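Computed from a prediction, not measured in an experiment: that's the story for all the values here. What you see below is based on every heavy atom in this structure, not just the backbone, and it leaves out hydrogens, waters and symmetry mates.
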Amino acid sequence: MIDQLELQSGYARRWLLDTEMMTRAEDIVVCYDALRHFVEFVERVDKIHIDTLLFKLQGLKDIRTTIRNLAGKQVLDDIELFEVKHLAILAGDVAKLLKQHDLDSVVAIPPLDQVINVLDPDGMKIATFYIYDSYCEQLKQLRSQMRQHPDQQDDLILQADALEDSVRADLSERLRPFATAIEQAQLALARTDVLMAKAMQMRAMGLTFPELSLDGMCRYEGIFHPQVLAAVTSHGRKYQHVDIAYGLQPTLITGANMGGKTVVLKTLTLCQLLFQFGFGIPAAQARIDVKDEIYFCIGDEQSVEKGLSSFAAEMKNIDAVIKASRMNKKLLALIDEPARTTNPTEGAALVSALLRVLDGKDMSLVMTTHYDIEPGKAHCLRVKGFENGEMDYRLVEVRDGEVPHEALNIAQNLGIDTEWIETARAMLATQ
């Protein structure tokens, strides 16, 4: 989803990637309130106003090293002084645009007029930097002599260089009190870039604003996985949205192979992360509970480097979930077909035991399985299944965790060898 953002600056992308996941409800509420203002802006104004703001944000550069040097009492060179001047002018331009569209209360960019005055003594308001004659009368006279007496260049150049160094030191000292404001302006510009990109992504992908859950339940209507949706529709096929709800009671999802169970887990994981990073949610409606940590266990995770088999790697990951469940944190764990790589008898026992061990913890567990097991207190859902030659991916409530036996029908629909399928049917009939 980050790759799909139309960010205008590399610095905004780095800032976003360095952002920590929010785990406080109040922070998430503030984040979505800001995003809502930007979505309204994108929806109500002409494209020219959007493009003007985006064009300005393209000028944002990463000058963190320069700001650190300034705060660290170093003398800035000409390039660093240019970077500060450029940022100050950019911040002023963007601040005016935000104020024009009533967004200045959403993102506050500190005024850097005094910084501009220091670096632009002639009031040109041009994003370039030079040691201007206006900075030093003696330097101005030396430069005039250099033009009039080319035969004295060497000596005059040395004197001019010394004066220029003195000007740089003076400028750096005058700018130093504004180091924090310059840093805050850079962060505010990055935040503006990210909010604009998120707002445009919401409109382009049909994402929604989530509600904050206060009862530990997560509820989704019309949930979809953006990447899978794009792949399905690109082949001219219809994507089937899914409704699902889960809370602190374990939720068990069963269904045939190719039933979309793994996609559901991936989508739920994605939505939780998007929620706690302040993105739009791929659903028609969503009410989401805040979690302290998110665990996603899926697929073949064997490690050649660590000498772990698929089963061993999976057991290690699930063991981490169990240990975390005892640490008084609000967790979301999504586990896809645990113990799939071991024998069915022990695999079914491990899955049943896992449900029992994690039941009653302050966590949400959503797990898929292909084993017929005793679900205990788990809330059981099943992929509706294969009907009329097509797969129905909707989830329906069932009383137990029985897995539907549809593998042969699905294989037949895929055009698999008839003799193989019919031989398997005959063998099942004799059992």
Peer 1: Please confirm whether the backbone N or O of Ala284 pairs with a side-chain atom of Glu221, one donor and one acceptor, at under 3.5 Å?
Peer 2: no
Peer 1: In plain terms, say whether Glu183 and Arg64 are close enough for a salt bridge, that is, a side-chain N and a carboxylate O under 4.0 Å apart.
Peer 2: no
Peer 1: Which heavy atom of Ala88 sits nearest a heavy atom of Val115, and at what distance?
Peer 2: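 For Ala88 and Val115, the tightest heavy-atom pair comes out as CB-CG1, 3.9 Å.
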Peer 1: Any ion pair linking Asp170 and Arg174 (charged N to carboxylate O, less than 4.0 Å)?
Peer 2: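 A salt bridge is present here (some side-chain N lies under 4.0 Å from a carboxylate O).
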Peer 1: Mind checking whether Tyr130 and Tyr132 have parallel, tilted or perpendicular rings, split at 30° and 60°?
Peer 2: perpendicular
Peer 1: Quick test of your reading of the model: are Lys330 and Asp289 salt-bridged, counting only N-O distances below 4.0 Å?
Peer 2: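 Here Lys330 pairs with Asp289 in a salt bridge, since their nearest N and O are under 4.0 Å apart.
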Peer 1: Quick one: does Val39's side chain get under 4.5 Å of Arg203's, heavy atoms only?
Peer 2: no
Peer 1: Determine yes or no for a side-chain-to-main-chain donor-acceptor pair under 3.5 angstrom, with Tyr371 supplying the side chain and Ala339 the backbone.
Peer 2: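 Yes, because the side chain of Tyr371 sits within donor-acceptor range (under 3.5 Å) of the backbone of Ala339.
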Peer 1: Do Lys361 side-chain atoms and Val357 backbone N/O form a donor-acceptor pair below 3.5 Å?
Peer 2: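 Yes; judged by distance alone, with no hydrogens or angles, the pair exists.
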Peer 1: Do His49 and Gln100 touch side chain to side chain, with heavy atoms closer than 4.5 Å?
Peer 2: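 Heavy-atom side-chain distance check passes, below 4.5 Å.
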Peer 1: I'd like to know whether CD of Gln4 has more than 12 heavy-atom contacts from other residues, nucleotides or ligands below 6.0 angstrom.
Peer 2: no
Peer 1: Would a 4.5 Å heavy-atom cut-off, applied to side chains only, mark Leu5 and Phe279 as touching?
Peer 2: yes
Peer 1: Above 12 or not: heavy atoms from other molecules or residues under 6.0 Å from CD of Gln145?
Peer 2: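 Yes, CD of Gln145 has more than 12 neighbouring heavy atoms, counting only those of other groups under 6.0 Å.
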Peer 1: For a 4.5 angstrom cut-off between non-hydrogen side-chain atoms, does Leu229 reach His225?
Peer 2: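 A side-chain contact under 4.5 Å is absent here.
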Peer 1: Quick check with a 6.0 Å cut-off and a 45 degree axis cone: is Lys85 positioned over the face of Phe129's six-membered ring?
Peer 2: no
Peer 1: May I ask you to decide if the ring planes of His241 and Tyr239 are parallel, tilted or perpendicular, using 30° and 60° as cut-offs?
Peer 2: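 Rings of His241 and Tyr239: perpendicular, over 60°.
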Peer 1: Does Thr208 reach the main-chain N or O of Gln285 with its side chain, forming a donor-acceptor pair under 3.5 Å?
Peer 2: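 Looks like no, no N/O pair under 3.5 Å.
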Peer 1: Please examine the side chains of Met367 and Val351, heavy atoms only from C-beta on, and report whether any two atoms are closer than 4.5 Å.
Peer 2: yes
Peer 1: Would you check, one step at a time, whether the test side-chain contact (heavy atoms from CB on, under 4.5 Å) holds for Tyr220 with Asp243?
Peer 2: CA-CA 6 Å; Tyr220 297 95; Asp243 299 341; over 6 Å; no
Peer 1: How far apart are the C-alpha atoms of Arg168 and Asp78, what are their side-chain angles, what is the distance that settles it, and do they pass the salt bridge (charged side-chain N to carboxylate O under 4.0 Å, His left out) test?
Peer 2: CA-CA 8 Å; Arg168 293 185 188 95; Asp78 288 5; 2.5 Å; yes
Peer 1: So with a 6.0 Å cut-off around NZ of Lys56, is the heavy-atom count from everything else above 12?
Peer 2: no
Peer 1: Do you know the tightest heavy-atom contact between Leu252 and Pro375?
Peer 2: CD2-CB, 4.2 Å
Peer 1: Might you confirm whether atom CD of Gln141 has over 12 heavy atoms from other residues, nucleotides or ligands at distances under 6.0 Å?
Peer 2: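 Yes.
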Peer 1: With distance as the sole test, does Gln201 use its side chain to make a donor-acceptor pair with the main-chain N or O of Gly280 at under 3.5 Å?
Peer 2: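 Checking the backbone N and O of Gly280 against the side chain of Gln201, no donor-acceptor pair under 3.5 Å is found.
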Peer 1: Main chain of Ile48, side chain of Asp46: is a donor-acceptor contact present, judged purely on distance under 3.5 Å?
Peer 2: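 No.
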Peer 1: Lys291 and Thr23: side-chain hydrogen bond (donor to acceptor under 3.5 Å, both in side chains), yes or no, with the steps?
Peer 2: CA-CA 6 Å; Lys291 302 298 183 183; Thr23 56; over 6 Å; no
Peer 1: On a heavy-atom basis, which atom in Leu57 and which in Leu189 lie closest, and how many Å separate them?
Peer 2: CD2-O, 3.8 Å
Peer 1: Which heavy atom in Leu207 sits nearest to a heavy atom in Pro282, and how many Å separate them?
Peer 2: CD2-CA, 3.7 Å
Peer 1: Does Ser352 reach the main-chain N or O of Ala349 with its side chain, forming a donor-acceptor pair under 3.5 Å?
Peer 2: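 Between the backbone of Ala349 and the side chain of Ser352 there is no qualifying donor-acceptor contact (under 3.5 Å).
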Peer 1: Which pair of heavy atoms, one from Pro226 and one from Met1, lies closest together, and at what distance?
Peer 2: CG-SD, 3.9 Å
Peer 1: Are Phe38 and Thr192 side-chain neighbours, meaning at least one heavy-atom pair lies under 4.5 Å?
Peer 2: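 A side-chain contact exists here, since the closest heavy-atom pair is under 4.5 Å.
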Peer 1: Keeping Thr19 on the side-chain end and Trp15 on the backbone end, is there a donor-acceptor pair under 3.5 Å?
Peer 2: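 Yes.
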Peer 1: Taking only Lys NZ, Arg NE, NH1 and NH2, and the carboxylate oxygens of Asp or Glu, determine whether Asp62 and Arg14 approach each other closer than 4.0 Å.
Peer 2: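 Arg14 and Asp62: salt-bridged.
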Peer 1: Between Thr369 and Thr254, is any pair of side-chain heavy atoms under 4.5 Å apart?
Peer 2: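 Contact flag for Thr369/Thr254 side chains = yes.
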Peer 1: Look only at the side chain of Asp77 and the backbone of Ile79, and say whether a donor-acceptor pair between them is shorter than 3.5 Å.
Peer 2: yes
Peer 1: Does atom CD of Gln159 have more than 12 heavy-atom neighbours, drawn from other residues, nucleotides or ligands, at distances under 6.0 Å?
Peer 2: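 More than 12 within 6.0 Å, yes.
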Peer 1: Is Cys218 close to Gln272 at the side-chain level, that is, under 4.5 Å between some pair of heavy atoms?
Peer 2: yes
Peer 1: Might you point out which heavy atoms bring Ala160 and Leu142 nearest each other, and give the distance in Å?
Peer 2: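 Here Ala160 and Leu142 meet closest at N-CD1, 3.8 Å.
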Peer 1: Is it the case that Gln249 and His379 place a side-chain donor and acceptor less than 3.5 Å from each other?
Peer 2: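 Absent: no donor and acceptor within the cut-off.
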Peer 1: Go through Glu337 and Lys261 one step at a time and tell me if the salt bridge (charged side-chain N to carboxylate O under 4.0 Å, His left out) criterion holds.
Peer 2: CA-CA 9 Å; Glu337 298 197 1; Lys261 302 187 300 299; 3.5 Å; yes
Peer 1: Only one of Gln74, Lys61, Glu83 clears side chain to side chain donor-acceptor pair (under 3.5 Å) with Thr66; which?
Peer 2: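 Filter result, single survivor: Glu83.
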Peer 1: Between Ser172 and Leu76, is there a donor-acceptor pair closer than 3.5 Å when you use the side chain of the first and the backbone of the second?
Peer 2: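 Checked: pair present.
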Peer 1: Decide whether a cation-pi geometry holds between Arg36 and Phe209; the criteria are a distance under 6.0 Å from NZ or CZ to the six-membered ring centre and an angle within 45° of the ring axis.
Peer 2: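 Flagged: Arg36 positioned over aromatic ring of Phe209.
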Peer 1: Any chance CG of Asn328 has more than 12 other-residue heavy atoms, nucleotides or ligands included, within less than 6.0 Å?
Peer 2: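 It does not: Asn328 CG has 12 such atoms or fewer within range.
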